[in-house]
Amino acid sequence: MAFEWLQYRCEDVYDELFERPGVPRPAARPLLSYLQRLSPKELADRRLAAEIAIKVMGITFTVYSEGKLLDRAWPFDMIPRVISRKEWERTERGLKQRVNALNQFIQDIYGDQKIVKDKVVPPEVLVDSVNFRPQCVGVEPKYGVWAHICGSDLVRDRDGTLYVLEDNLRVPSGVSYMLENRMVIKRVWPELFETSNILPVDDYPAQLYDTLAALSPRSADQPTMVLLTPGIYNSAYFEHAYLAQQMGIELVEGSDLFVGDDDCVYMRTIYGPKRVDVIYRRIDDLFLDPETFRPDSILGVKGLMRAWIRGKVGLANAPGAGVADDKVIYAFVPAMIKYYLDEEPILPNVPSYLCMDPKQRKHVLANLDKLVVKPANESGGYGMMIGPRASKEEREKFRGLIEKNPRNYMAQPTLSLSTGPTITDEGVEPRHLDLRPFILSRGDNTYVTTGGLTRVALVKGSLVVNSSQGGGSKDTWVVDLDEEAEQVQGQGQKT
Amino acid sequence: MLSRVADNLYWFGRYLHRAENTARLINVNANLMLDLPRRMTLGWGPLIEIVGADSVFRSHYDRASEENVVRFMITDPRNPGSIQSSLYNAREILRTVRDTMPHDAWEKLNDIYFHVQERGEVGAAGPAQRQVFLNEVIDATLLIYSVLNSSMSRDVGYQFLRFGTNLEQADMTTRILDVRATRLGREPSGPDLTPFENIIWMSVLRSLTAYQMYRRHMRSRVSGPGVLRFLLQNRDFPRSVMFCLTSIASSLPTLPESRKTERAIERTRALVRDANIDALLKAHDGVPRLMDEIQIGLGELHEALSEAYFKTS
């Protein structure tokens, strides 16, 4: 007996695959017509096969629990999220536009600060930004690019509008899971791929390699590049090892590197010191260089900032790039796009209220039960409050926090995140999801992943998609509808 | 190759090999106990001596009973050389150098690590289960070697891994010889005990899986001098000290030159090659003294390798 898709309840939200119960969206139609023929048992079997594949392939993320380091299997849902190519092309343009403006903003902030002088961004926003690095003032990285790798989170509200929720410009993670999700589905459910015309995603490591190679200060054919990881205790260590392996570059820790008297960076090899041209760093600014930032950091490399400022080594992302992923600065991105590019933003921001502004703060404090309140500089879903779901005590706690430090908080209306059908123990049910595409910038050329990482809140009703807090992920398909239509017609003629 | 990675590969080789050798040692000792008359007082203590963990052992256990020794050597996390600790260390290392080794090795190591964690206590409990359990450990390590052997590139990383296994083996072989030969020197001898002396020498061979090859090479009955000669000087048997040292020496040319390493290895090789076994056995403490000297040589070799290739500061 096939699964009863009419029982899939998705009237109250925007569902990514269904227009309404029983009626698939055009891009998802071929996939769903295949799924509709399967029995719940067949679905459950595939789910089990995927779990085994993930364990065997060793796709894990690391969590700390009771002082122990645990390697958890990556939670994964088998039903892909489908996006039509036409919608994706528009999204891609919007992301490129946005990252372009963000990079110009960072360069401006560490340079003349024209945007402040022209009163588009108020000065106090910068003064109090914890991610502003005075050490970077006056630095001009190659091509004026600071955020070479950006991961922007997109969410869709009930009316179908796709919003940018935040931009991660420091050390965005998750791209390895995007790649591995595709591998898992190909391995355990190749039949799915026959249903639709799916654009490939596996170009990312090569694109990342080129982006990094372009930063080399020397004009050698093959620059020496490394991925700098904080080590196995980091929750994204799997990704660090994975990307290093995919790009064929060395995975290093801080102690493997040193800065010589010539201000160049070297790695310690069995053949003696070897000069490093580009570092893809996956550790935070403040741990990067004990000489410049936190003196107690044992993860970083002494003198690294000196080497970078003197142009002896390329760093991605550039130190200080995080100044633009502050959630208060976020509110000014649409204004930045107009200011630097003289264009209208293609992708809208979620409406935001800045608590530093007395009028907006008043609105926030009066509507704590309706809004999501976020601290300016946290990531991973930590430190935020979802008003409609918070207890009275929690709301009062946030009232106090906002009044004490208004600059550090912003609020947004609670979006009703879109859903996608997800296999659960209770059958196929809608679960909330978001999307994190990755954008690579290298001067004249910007690359956007095909789709991105779809994260899904596996807990019923939950809006939190972070893997550290019960989130999973899905394969993300960008499908070519025109060609599909042709194929379907062709098949129709044959039979 | 990063120095840290070379260092890690070297230690991965050592820990993995240590787990295997420890499992063999326990198994063979259990068999030996069954063959010996009660009045021979060998017991389980020598195992602790062999792995050089006397002080750690004594600070946690009051006597070297079978139960205590076996637990200490299989599952005790306080013993850095227990099977479980060795596998734990090997796994932690492999986690950091996963990109340099075939993925299958990681999966197989995970399998045995979790198996020992789950079943180690039961496996250590009684003689019958114990033998099955220890054989599982041995099989698993052999499987990992086989994965490495068949699908790891013979690049410099592989050489460091081989350094680790070879040094570990040379170390273990000399330790076993040291303890067993010294003991045999001290036991009351007499015509009625001679057959049991031979049993002990046979057990030495067995703990190094050398019995069969000994018979093929030496073409004589098992005897003290024969065993010493075979396990120290034989050029073809992979667990003899000479074989291990030669194997290390042969891969040195693929690495950046290190005079100190070459000197350390040449000196130790000469020591082993030139040893006059019959004279040593006659002399007071001759064998233990030679073993000490070889151990010092192996220590120097380790230092030289560290200095030349692993130094990260």
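The sequence lines fix the lettering, A, B, ..., with proteins before strands; numbering per chain opens at 1.
- In this structure, chain B has no heavy atom under 4.5 Å from any part of Val226(A).
- Atom CZ of Arg119(B) sits in a sparse spot, with 12 or fewer heavy atoms from other residues, nucleotides or ligands closer than 6.0 Å.
- Residue Leu2(B) comes nearest to Leu251(A) through the heavy atom pair CD1-O, 3.6 Å, listed as atom of the first residue, atom of the second, then distance.
- Within the model, atoms CD1 of Ile270(A) and CD of Gln159(B) stand 9.5 Å from one another, a figure rounded to the nearest 0.5 Å.
- Taking the side chain as every heavy atom from C-beta outward, Tyr271(A) and Val156(B) approach each other to under 4.5 Å.
- In this structure, Tyr309(B) and Thr269(A) have side chains that are not in contact, with every pair of non-hydrogen atoms separated by 4.5 Å or more.
- At least one side-chain heavy atom of Glu92(B) sits under 4.5 Å from a side-chain heavy atom of Ile232(A).
- For the residue pair Arg268(A) and Lys311(B), the shortest heavy atom distance occurs at CD-O, 4.2 Å.
- Counted within 6.0 Å of OH on Tyr145(B), heavy atoms from surrounding residues, nucleotides or ligands total more than 12; the atom is thus considered enclosed.
- Atom-to-atom distance recorded for Met267(A):CE and Met1(B):CE is 10.5 Å, nearest 0.5 angstrom.
- In this structure, Phe238(A) CZ and Arg95(B) CZ are separated by 12.5 Å, a value rounded to the nearest 0.5 Å.
- When the shell of 6.0 Å around CD of Glu67(B) is examined, it contains 12 or fewer heavy atoms from other residues, nucleotides or ligands.
- The local environment of CE in Met183(A) is sparse, with at most 12 non-hydrogen atoms from other residues, nucleotides or ligands closer than 6.0 Å.
- Atom CG of Leu142(B) is surrounded by more than 12 heavy atoms from other residues, nucleotides or ligands within 6.0 Å.
- For Arg442(A), the CZ atom is densely surrounded, since the number of other residues' heavy atoms within 6.0 Å is greater than 12.
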